[in-house]
Trainee: 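Structure provided below as structure tokens; questions to follow.
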Amino acid sequence: MKKKFWMMLMMAAVLALAGCGSNSSDSEVAEETETEEETTENSSSDYVLYEDLTSTLVSLGEYKGIEMEKTVEEVTNEDVQSEINSIKKEYSDLVDVDREAQTGDVVVIDFTGYIDGETSDSLQGTETSVEIGSGSFLEDFENGLIGVTADEDMEINMTFPENYSEEVAGKDVTFEIHVYRVSEYQIADWSDEFVQENLGYDSIADMEESIREELEATAEEEAESNWQYELVYALLENSEFEIEDADVEAYIDQMMSEYETYATMYGMELGDFLETYMGVTEEGLREMFRETAEFRVQMALAFHEIAELEDMEVSDDEYQEYLQSIADAYGYEDTSDIETYYSPDIIREQLIQEKVIDLICENAVDTAE
């Protein structure tokens with residue numbers, strides 16, 4: 001959770017830049033409903049700049065010499081095996097089995113949910129495939145299917161999370177379920193020859209070693225990201241701010257605008273999109289973003305103060321190198337395409353943030369060492 005939170009804060013601009021040049025089918029849908037001129041205007045106008053803020057920094061905490069432990073999660077054999085199982089699944093067939101369902105199996109069911117004796121379309125499904133442990137459905141629902149067998153009728157009693165769809169949030173529900181069949185993934189051939197021909201590894205052992213190295217690299221990246229977050233959090237905790245609600249709402253509007261774009265791509269109203277794909281209302285999502293938005297206001301104020309104290313500037317060469325790095329990473333043919341969607345002020349602000357982060361990290365103390 002922490003890594004996702006931090007990356008949303010620090011990489012929002014880069015991810016948005018990547019998205020504006022996408023050639024996916026979703027972008028083609030968007031092209032039918034929104035002109036390029038409108039997209040350009042919305043992309044820049046939705047972004048909150050430091051100059052837009054009316055909040056103030058009262059006092060800045062110490063930003064050099066912050067002590068914080070960087071913790072790298074150990075990669076276990078189970079982690080490696082989980083990745084291998086995901087790969088094997090791509091080359092497997094679903095085969096019906098005559099036994100109790102277990103994690104990893106696919107169960108085909110009819111279900112009807114009742115809240116206070118009443119049901120609705122959103123609480124029903126017919127011949128629905130549920131992969132236990134996949135996270136496609138609520139955890140309590142999936143776990144309730146462990147142990148079922150084909151042709152069985154059963155019930156699952158659970159409570160919807162408080163942050164779920166407003167219609168059912170926090171409510172007790174009883175699902176009446178009929179199980180049609182239980183299936184497992186089976187692969188006909190899993191050998192050194194198979195992974196050589198289909199996956200490009202020399203052997204199964206080579207694949208396992210490569211996967212472990214990739215997972216360890218990811219763990220290192222996540223540890224660095226979490227460490228950055230903890231350092232900035234410590235800085236902001238030791239600083240004092242006077243935060244205006246209007247600034248927080250502006251950042252919430254910025255984050256909401258991304259979902260408005262997605263909704264448009266699917267030809268849906270925002271509320272319907274959020275209910276369908278996230279199980280949350282517009283107001284619910286805004287409240288979920290509130291803490292993040294306040295954090296971003298504080299971060300912008302503190303970072304610009306540090307930039308002034310350290311005489312940080314973005315040179316033209318740095319600016320062009322940054323544009324080129326985005327172009328290379330996301331397949332833009334010309335860096336000017338990026339500036340079509342985002343103003344130089346937005347891009348320079350992102351660069352200033354990254355410079356401050358580098359400064360804080362370079363001067364921090366990793367207490368794990």
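It should be emphasised that the depicted structure is a prediction, and the values quoted were computed from it without experimental measurement.
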Trainee: Less than 4.5 Å apart, any side-chain heavy atom of N226 and any of T71?
Mentor: no
Trainee: Please test L301 against I243 for side-chain contact (heavy atoms from CB on, under 4.5 Å), starting from the C-alpha separation and ending with a verdict.
Mentor: CA-CA 10 Å; L301 295 171; I243 303 298; 4.3 Å; yes
Trainee: Between Y91 and F194, what is the ring plane arrangement, given parallel below 30°, perpendicular above 60°, and tilted in between?
Mentor: perpendicular
Trainee: Would you find a donor on one side and an acceptor on the other, under 3.5 Å apart, between the side chain of E176 and the backbone of T112?
Mentor: no
Trainee: Under 3.5 Å, side chain of D366 to main-chain N/O of A368, donor-acceptor pair present?
Mentor: yes
Trainee: So, E142 side chain and S134 main chain: donor-acceptor pair closer than 3.5 Å or not?
Mentor: yes
Trainee: If we ignore hydrogens and angles and just use 3.5 Å, is the side chain of T126 paired with the main-chain N or O of D110 as donor and acceptor?
Mentor: no
Trainee: Is the count of non-hydrogen atoms from other residues, nucleotides or ligands lying under 6.0 Å from E51 atom CD greater than 12?
Mentor: yes
Trainee: Any Lys/Arg nitrogen of R290 or E287 sitting under 4.0 Å from an Asp/Glu carboxylate oxygen of the other?
Mentor: yes
Trainee: Calculate, to the nearest 0.5 Å, the distance between atoms NZ and CD belonging to K70 and E230 respectively.
Mentor: 12.5 Å
Trainee: So, taking the atom named CD1 in I109 and the one named CG in D153, what distance separates them when rounded to the nearest 0.5 Å?
Mentor: 11.5 Å
Trainee: Which heavy atom of C361 sits nearest a heavy atom of L231, and at what distance?
Mentor: SG-CD1, 4.0 Å
Trainee: For the residue pair L53 and Y251, establish whether any side-chain heavy-atom pair is separated by less than 4.5 Å.
Mentor: yes
Trainee: Answer yes or no: is there an ion pair linking K355 with E310, defined by an N-O contact shorter than 4.0 Å?
Mentor: no
Trainee: Taking only Lys NZ, Arg NE, NH1 and NH2, and the carboxylate oxygens of Asp or Glu, determine whether D253 and R286 approach each other closer than 4.0 Å.
Mentor: yes
Trainee: L309, F241: one ILVMFWY side-chain cluster at the under-4.5 Å cut-off?
Mentor: yes
Trainee: What do you reckon, is CD of E269 surrounded by more than 12 foreign heavy atoms closer than 6.0 Å?
Mentor: no
Trainee: Heavy-atom distance under 4.5 Å between the side chains of V48 and R296, does that happen here?
Mentor: no
Trainee: Run the side-chain hydrogen bond (donor to acceptor under 3.5 Å, both in side chains) test on E354 and Y322 for me, step by step, so that the C-alpha distance in whole Å, both residues' side-chain angles and the decisive distance to 0.1 Å come before the verdict.
Mentor: CA-CA 11 Å; E354 294 189 8; Y322 187 68; 3.2 Å; yes
Trainee: Fit a plane to each ring of Y229 and F295, take the angle between them on a 0 to 90° scale, and name the class: parallel (under 30°), tilted (30 to 60°) or perpendicular (over 60°).
Mentor: parallel
Trainee: For atom CG of D245, decide whether the heavy atoms of other residues, nucleotides or ligands shown that lie under 6.0 angstrom number more than 12.
Mentor: no
Trainee: Near E139 CD, under 6.0 Å, is it more than 12 heavy atoms from other residues, nucleotides or ligands?
Mentor: no
Trainee: Can you list the steps and then say if F141 with F111 is a ring-ring contact (aromatic ring centres under 6.0 Å, His included)?
Mentor: CA-CA 11 Å; F141 187 84; F111 65 89; 5.6 Å; yes
Trainee: Look at the rings of F273 and Y277 and say which category their plane angle falls in: under 30° parallel, 30 to 60° tilted, over 60° perpendicular.
Mentor: tilted
Trainee: Determine whether more than 12 heavy atoms belonging to other residues, nucleotides or ligands lie under 6.0 Å from atom CD of Q102.
Mentor: yes
Trainee: Is there a donor-acceptor contact under 3.5 Å linking the side chains of S343 and D345?
Mentor: no
Trainee: So F160 and L138, side-chain contact (heavy atoms from CB on, under 4.5 Å) or not? Walk me through it.
Mentor: CA-CA 8 Å; F160 281 105; L138 289 173; 3.6 Å; yes
Trainee: Could you state the interatomic distance from CD1 (I326) to CD (Q350), rounded to the nearest 0.5 Å?
Mentor: 7.5 Å
Trainee: For atom CD of E249, decide whether the heavy atoms of other residues, nucleotides or ligands shown that lie under 6.0 angstrom number more than 12.
Mentor: yes
Trainee: Check whether more than 12 heavy atoms from other residues, nucleotides or ligands sit under 6.0 Å from atom OH of Y262, and answer yes or no.
Mentor: no
Trainee: Rounded to the nearest 0.5 Å, how far does CD1 of I66 lie from CG of N238?
Mentor: 7.5 Å
Trainee: Quick one: do L274 and V168 end up in the same hydrophobic cluster if we chain Ile, Leu, Val, Met, Phe, Trp and Tyr together by side-chain heavy atoms under 4.5 Å apart?
Mentor: no
Trainee: Is there a donor-acceptor contact under 3.5 Å from the side chain of S82 to the main chain of E78?
Mentor: no
Trainee: To the nearest 0.5 Å, what is the distance between CE (M288) and CD1 (I252)?
Mentor: 12.0 Å
Trainee: Please step through side-chain contact (heavy atoms from CB on, under 4.5 Å) for the pair R212 and E208, ending with a clear verdict.
Mentor: CA-CA 6 Å; R212 183 178 295 277; E208 292 175 349; over 6 Å; no
Trainee: Linking I/L/V/M/F/W/Y whenever any side-chain heavy atoms sit under 4.5 Å apart, do Y185 and Y180 land together?
Mentor: no
Trainee: Which heavy atom of Q254 sits nearest to which heavy atom of S257, and what is that distance?
Mentor: O-OG, 2.5 Å
Trainee: Which atom names give the shortest non-hydrogen contact between Q324 and T335, and what distance separates them?
Mentor: OE1-CG2, 3.5 Å
Trainee: Tell me if a side-chain donor or acceptor on R348 pairs with a main-chain N or O of V314 at a distance below 3.5 Å.
Mentor: yes
Trainee: Closer than 3.5 angstrom, by distance alone: can the side chain of Q353 be matched with the main-chain N or O of F303 as a donor-acceptor pair?
Mentor: no
Trainee: Please assess I306 against L235 for the test side-chain contact (heavy atoms from CB on, under 4.5 Å), listing each intermediate value before the final yes or no.
Mentor: CA-CA 11 Å; I306 294 171; L235 164 65; 3.8 Å; yes
Trainee: When you measure from the side chain of D116 to the backbone N and O of E118, does any donor-acceptor pair fall under 3.5 Å?
Mentor: no
Trainee: Please determine whether side-chain hydrogen bond (donor to acceptor under 3.5 Å, both in side chains) holds for the pair T76 and D79, giving the CA-CA distance in whole Å, both sets of side-chain angles, and the decisive distance to 0.1 Å.
Mentor: CA-CA 5 Å; T76 66; D79 295 330; 3.1 Å; yes
Trainee: Establish whether V297 and L57 are linked, either directly or via other cluster members, by ILVMFWY side-chain heavy-atom contacts under 4.5 Å.
Mentor: yes
Trainee: When you compare the side chain of Y259 with that of V280, does any pair of heavy atoms fall below 4.5 Å?
Mentor: no
Trainee: Mind listing the closest non-hydrogen atom pair of E152 and G147 along with its distance?
Mentor: OE1-O, 4.3 Å
Trainee: Of the non-hydrogen atoms in T119 and L123, which two are nearest, and what is the gap between them?
Mentor: OG1-CB, 4.0 Å
Trainee: Can you list the steps and then say if S315 with D317 is a side-chain hydrogen bond (donor to acceptor under 3.5 Å, both in side chains)?
Mentor: CA-CA 5 Å; S315 69; D317 286 345; 5.3 Å; no
Trainee: Would you say the side chains of D316 and Q320 form a donor-acceptor pair under 3.5 Å?
Mentor: no
Trainee: Rounded to the nearest 0.5 Å, how far apart are CG of L236 and CG of L60?
Mentor: 9.0 Å
Trainee: Is there a path of hydrophobic side-chain contacts, each under 4.5 Å between heavy atoms of I/L/V/M/F/W/Y residues, joining V106 to I156?
Mentor: no
Trainee: Should we count OH of Y233 as having more than 12 external heavy atoms under 6.0 Å?
Mentor: no
Trainee: Restricting to non-hydrogen atoms, name the atom on A101 and the atom on V107 that form the minimum distance, rounded to 0.1 Å.
Mentor: CB-CG2, 3.8 Å
Trainee: Looking at E260, is its backbone amide N or carbonyl O close enough to the side chain of T264 to form a donor-acceptor pair, meaning the two atoms are under 3.5 Å apart?
Mentor: yes
Trainee: Checking D192 side chain against I204 main chain: does a donor-acceptor pair fall under 3.5 Å?
Mentor: yes
